[in-house]
Amino acid sequence: MELLVASAIGIMTAAGLYLVLRLRTFPVILGMSLLTYAVNVFLFASGRLTIGAPPILRDDVTAYTDPLPQALVLTAIVISFGMTAVVVMIGLGAFLGSNDDHVDDQPDTSTPKSEGQT
Amino acid sequence: MSLFFIVALPFFGALLPGLMNAAGRAACAGVTFIVSLSAFLGLLTNLPAVLAGEVVLARVDWMPTLGLNFTLMLDGLGFFFALLILGIGLLIIAYARHYLSRDDNMGEFFTYLLLFQGAMVGIVLSDNILLLLIFWELTSLSSFLLIGYWKHLPAGRQGARMALAVTGMGGLAMIGGMLILGQIVGSYDLSVILQNRELIQADPLYLPALLLILLGCFTKSAQFPFHFWLPHAMAAPTPVSAYLHSATMVKAGIFLMARLWPILSGTPEWFAIVTTAGLVTMVLGAVIALFKHDLKALLAFSTVSHLGLITMLLGTGTAFGAMAAVFHILNHATFKAALFMSAGIIDHEAHTRDIRRLGGLRKLMPVTFVIATLAALSMAGIPLLNGFLSKEMMLEEATHTALFGVNWLLPVMATLGSLFSAAYCFRLIGHVFLGPVRDDYPAKPHDPGAGMWLPPGLLIVPVIVIGIAPFVAEPFVKMVTASLLGDAAEVPKAHFKIWHGFVPPLYMSMIATAGGLILLAVFTPMLRFWENTPRPEAKVIFEAIVEAAASLAQKIVLTLHNGAFTRYVAIASVAMIAAGFHAWSTGTSSLPTRSVQAASPVLIAGWAMLVAATCGLVLMHRNRFLSLILIGIVGLMVSIGFVFFSAPDLAMTQFTVEVVTIILLLLALNFLPNHTPVESTVLRRVRDTGVAIAGGLATFALAYHYLLRDAVSTPISEFHLANSYKGGGGTNVVNVILVDFRGFDTYGEIIVLGIAALLIYALTETLLDGPVRARLLNRKPDQPRAGDMHPMMMVVLTRVIMPVVLMVGFYIFLRGHNDPGGGFIAGLVVSIAVVMQYMASGFAWTSARLKYPYHGVIGAGVLIAGLTGIGSWFVGKPFLTSDFTYVRIPPFEKFELATAALFDLGVFLAVVGAVMLSLESFSRLARRAHVVDSEHPMDIDPSRDDLAPEGPDTAKGDV
């Protein structure tokens with residue numbers, strides 16, 4: 001079980017990294033989403049894996065899973081939606097403004113001075 | 001008045017001139033004057049205590065753990081400098097009111113001036129050296145603004161930048177020195193540090209600390225070799241030059257040397273460095289000043305020279321030298337500020353400061369002539385004026401000091417400096433005021449109104465009074481000297497006298513005066529010689545150094561940061577993997593403490609789907625719609641994983657976020673190309689794959705490693721589990737953590753979410769205002785549009801389902817405290833319900849039925865959450881302390897009321913507002929000019945009599 005979760009984290013990270021290294025905005029955004037999943041699962045798993053023991057207090061239950069990583073990851077999921085939306089908007093704005101969805105400046109369309117500013 | 005007010009008054013007062021700008025120039029200057037005057041009077045109320053030898057203290061612990069306390073201290077030395085800063089400040093404000101022209105923004109000027117004044121007063125009253133550093137940097141910044149006040153002048157901008165670079169660099173060095181000092185003593189309070197002379201001087205770090213602190217002092221006080229910035233700062237308006245560059249800011253370095261004199265002076269290192277630097281500066285400044293044609297440049301170099309003189313006196317390390325330094329600071333401040341203001345008057349009236357174009361002003365500007373001549377003669381060291389007295393003391397000190405073991409070196413150099421000093425003073429009088437009246441002045445000079453000549457005129461009063469009756473100043477100077485010396489030395493007994501008899505200093509003075517007159521007589525050939533001698537130009541050297549440093553930095557930075565996002569990501573990933581690998585291979589690792597749990601077939605199946613979807617996503621990412629579906633599968637599998645591993649809250653959140661994210665990406669794909677072309681080379685893809693696999697292996701290894709080991713210490717969640725019901729009144733521990741234990745975190749997070757949504761809104765507005773708007777309106781969609789844009793089935797379904805979904809949201813919200821649910825999830829669920837209406841009936845129809853703007857919803861959410869937190873203040877509890885109680889209203893069962901629920905309501909509203917504002921912004925981009933907004937909920941409505949709108953037909957035309 002641990003092996004499966006750890007390998008899922010690894011695979012999502014690898015896929016996310018590969019996509020983030022692409023040259024167009026859309027795959028980069030997808031890559032970031034994958035990395036978000038990986039990071040969230042990673043953080044969640046830091047509470048160790050427990051089956052069938054949700055952190056809902058019941059009278060006859062004594063063992064619960066660690067609730068703190070869950071609380072942290074819950075807000076992280078919502079915030080990451082906000083951040084994804086911002087990045088998508090920036091990417092969209094750049095595309096609509098220049099009709100080009102490259103994440104990097106293209107050498108033929110930019111002068112050396114404007115490097116790093118767009 | 002409390003010391004806090006004296007320091008705070010100029011800072012708070014700085015807000016006023018800008019506000020009063022519209023009320024007129026007199027009001028603007030008046031309010032500045034009143035602020036300064038209040039601080040000045042507040043300082044004077046402390047005079048009796050200071051005269052009685054007390055040290056006035058005011059203390060607030062700011063960050064005690066860092067040793068940073070807001071401690072102010074007023075002793076004789078601090079009082080002396082504060083008096084100069086505030087007193088001369090008053091005169092400068094009065095003078096500037098008449099000096100600035102109508103085109104100048106007076107409010108801006110006085111705001112900067114007051115900021116500067118506050119920072120200066122802060123320096124001289126600080127008891128904590130860290131606090132002193134903060135004020136020190138503030139003076140650098142505010143003087144930058146003041147020097148560059150005339151933004152249209154390139155010289156002003158360059159001068160301001162140079163001053164900031166040099167003094168800022170010195171300030172950085174000084175931070176290092178001060179920190180070392182604090183480390184040696186174990187306290188950052190000056191009053192403690194000053195008691196530890198032996199400890200500091202015996203420490204091996206004494207020399208580095210000394211060098212770093214002196215670097216700060218020398219740059220600020222324009223000592224050789226950092227003297228070059230001061231003349232370039234003269235591009236500032238004259239009131240600034242008179243204030244900053246004669247009386248106050250350049251004295252900050254001197255002040256600090258005087259302040260730390262008891263602990264730093266007296267060592268061979270101090271003597272060698274400080275005395276030499278002061279001496280070189282004094283002579284060099286005087287020589288250069290003689291050959292300057294710009295009146296202000298002449299005065300600037302003469303200031304450099306006199307600062308050198310004071311530094312040299314402090315460097316000798318004797319009590320007499322320190323007393324002479326204090327006396328000269330006082331005298332120099334009076335005559336030099338008067339001279340600068342006179343130069344400003346001449347510039348103002350004659351429209352030139354070039355000495356070669358002036359002359360004969362004696363007859364045209366008699367008042368200015370008298371003021372400037374008295375001040376210049378005092379500077380030259382002519383008897384019966386105050387400059388003479390302190391110069392005599394300096395020469396007296398010089399005759400007793402042997403530099404580098406050579407007895408005659410210091411006296412000779414001091415006499416030489418005095419000689420050139422006398423020469424440029426005589427030149428100033430002779431070439432500007434004496435001689436025949438000319439008829440080619442750029443403007444007809446005449447004396448200005450009393451508003452301009454009165455401030456320098458007032459400064460001449462002490463020049464003469466102290467000059468004739470030195471015993472007037474003696475008690476004050478000795479009081480200041482006593483506080484400067486501290487316990488390190490006794491105040492000298494010597495009395496201030498004009499006539500000491502025929503002693504060496506008198507002969508040296510006579511030589512200097514006579515030599516000065518001779519130099520003036522042979523000035524023309526001297527000038528020719530001077531102009532033919534090659535000299536290094538400081539500005540060129542400075543700019544070359546800056547240029548070299550900038551290009552070196554660019555070379556390093558641009559290789560790493562060339563603006564290419566992919567490069568950043570690659571560098572960051574590789575660096576992180578390498579650092580992790582290093583930690584892994586050098587650290588210690590324990591054996592597994594947890595046993596591997598068996599995997600059920602369901603889990604394996606879920607894992608297989610997740611892996612398949614992820615790999616498929618990578619392989620087929622060029623097809624953007626397909627990749628959206630695949631990432632949806634990944635998200636779903638993650639949600640199911642959360643359910644499986646006992647995290648129902650997370651699963652619900654992930655699931656709902658998944659829905660809105662996919663909608664968002666679909667909206668974006670509406671505009672973006674739906675295919676990613678093959679661009680990168682095979683080599684590059686292999687490289688990226690390598691990085692990706694390394695990163696994946698690293699996270700896999702790390703995750704697997706800790707999944708098999710227990711936490712090294714007890715997790716704090718034990719506390720949460722134990723106190724969730726008792727303290728927070730909820731059985732859903734995750735929700736109680738969110739709204740109660742870590743409520744402040746959550747509060748911050750909903751604010752961030754709100755900001756993100758507002759940012760998206762702002763970006764959309766910018767896009768729609770710019771050139772993109774026309775393109776968006778006339779866009780031809782690259783995909784076929786649906787023939788039935790607002791299908792009846794979907795409209796009916798979403799309408800029917802809306803109350804149900806709202807009810808579900810309400811239920812999830814209410815039960816959140818005890819069962820999976822809560823504000824975040826409820827907010828997402830309700831957002832989805834609203835989004836469905838947009839999807840079914842279109843943007844125009846839905847937004848026309850919208851009662852509250854989403855910004856308002858976000859704001860209301862943050863406000864409710866914040867007010868809930870503030871509410872706990874009223875019962876004397878810290879921010880966001882929660883409370884709960886159980887009530888029973890028949891016929892309902894007993895239920896719980898918790899303040900946390902109100903906080904959760906804030907979270908709920910903020911989430912709804914943020915999600916909706918983001919999605920709405922995206923969909924606003926999609927509106928097109930030739931598609932008429934439909935005011936009907938659906939395209940085909942059986943109950944409607946009129947024909948369907950043009951929408952669908954036009955849309956079909958696009959296909």
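Quick note on labels: first sequence line is chain A, next is B, and so on, each numbered from 1.
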Short N-O contact, B/E679 and A/R24, less than 4.0 angstrom: yes
Under-4.0 Å salt bridge between A/R22 and B/D688: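 A salt bridge links A/R22 with B/D688.
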Looking at the rings of B/F824 and A/F81, which for Trp means the six-membered one, are their centres under 6.0 Å apart?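 Aromatic pair excluded; centres sit 6.0 Å or further apart.
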For B/F671 and A/F95, I'd like to know if the aromatic rings sit close, meaning centre-to-centre distance below 6.0 Å.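 B/F671 vs A/F95: aromatic centres not under 6.0 Å.
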Looking only at heavy atoms, which two atoms of A/L57 and B/S724 are closest? And how far apart?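 Looking at all heavy atoms of both residues, the shortest contact is CD1-CB, 3.9 Å.
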Of all heavy-atom pairs between B/T614 and A/A15, which one has the smallest distance, and what is that distance?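 Closest pair (atom of B/T614, atom of A/A15, distance): CG2-CB, 3.3 Å.
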So, the side chain of B/T731 versus the backbone of A/I56: is there a donor-acceptor pair under 3.5 Å, distance only?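 No; zero donor-acceptor contacts below 3.5 Å.
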Main-chain N/O of A/L49 paired to B/Q597 side chain as donor or acceptor, under 3.5 Å: yes
List the steps and the verdict of side-chain hydrogen bond (donor to acceptor under 3.5 Å, both in side chains) for B/T699 and A/T13. CA-CA 7 Å; B/T699 45; A/T13 310; 3.2 Å; yes
What part of B/A711 gets within 4.5 angstrom of chain A, counting heavy atoms only: side chain, backbone, both, or neither? both
Chi angles and distances behind the ring pair (Phe, Tyr, Trp, His ring centres under 6.0 Å) call for B/Y706, A/F42: CA-CA 10 Å; B/Y706 75 64; A/F42 182 85; 5.3 Å; yes
Quick check for you: to the nearest 0.5 Å, what is the distance between A/L21 atom CG and B/F565 atom CZ? 8.5 Å
From B/E718 atom CD to A/D66 atom CG, the distance as rounded to the nearest 0.5 Å: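 Rounded to the nearest 0.5 Å, the CD-CG separation comes out at 8.0 Å.
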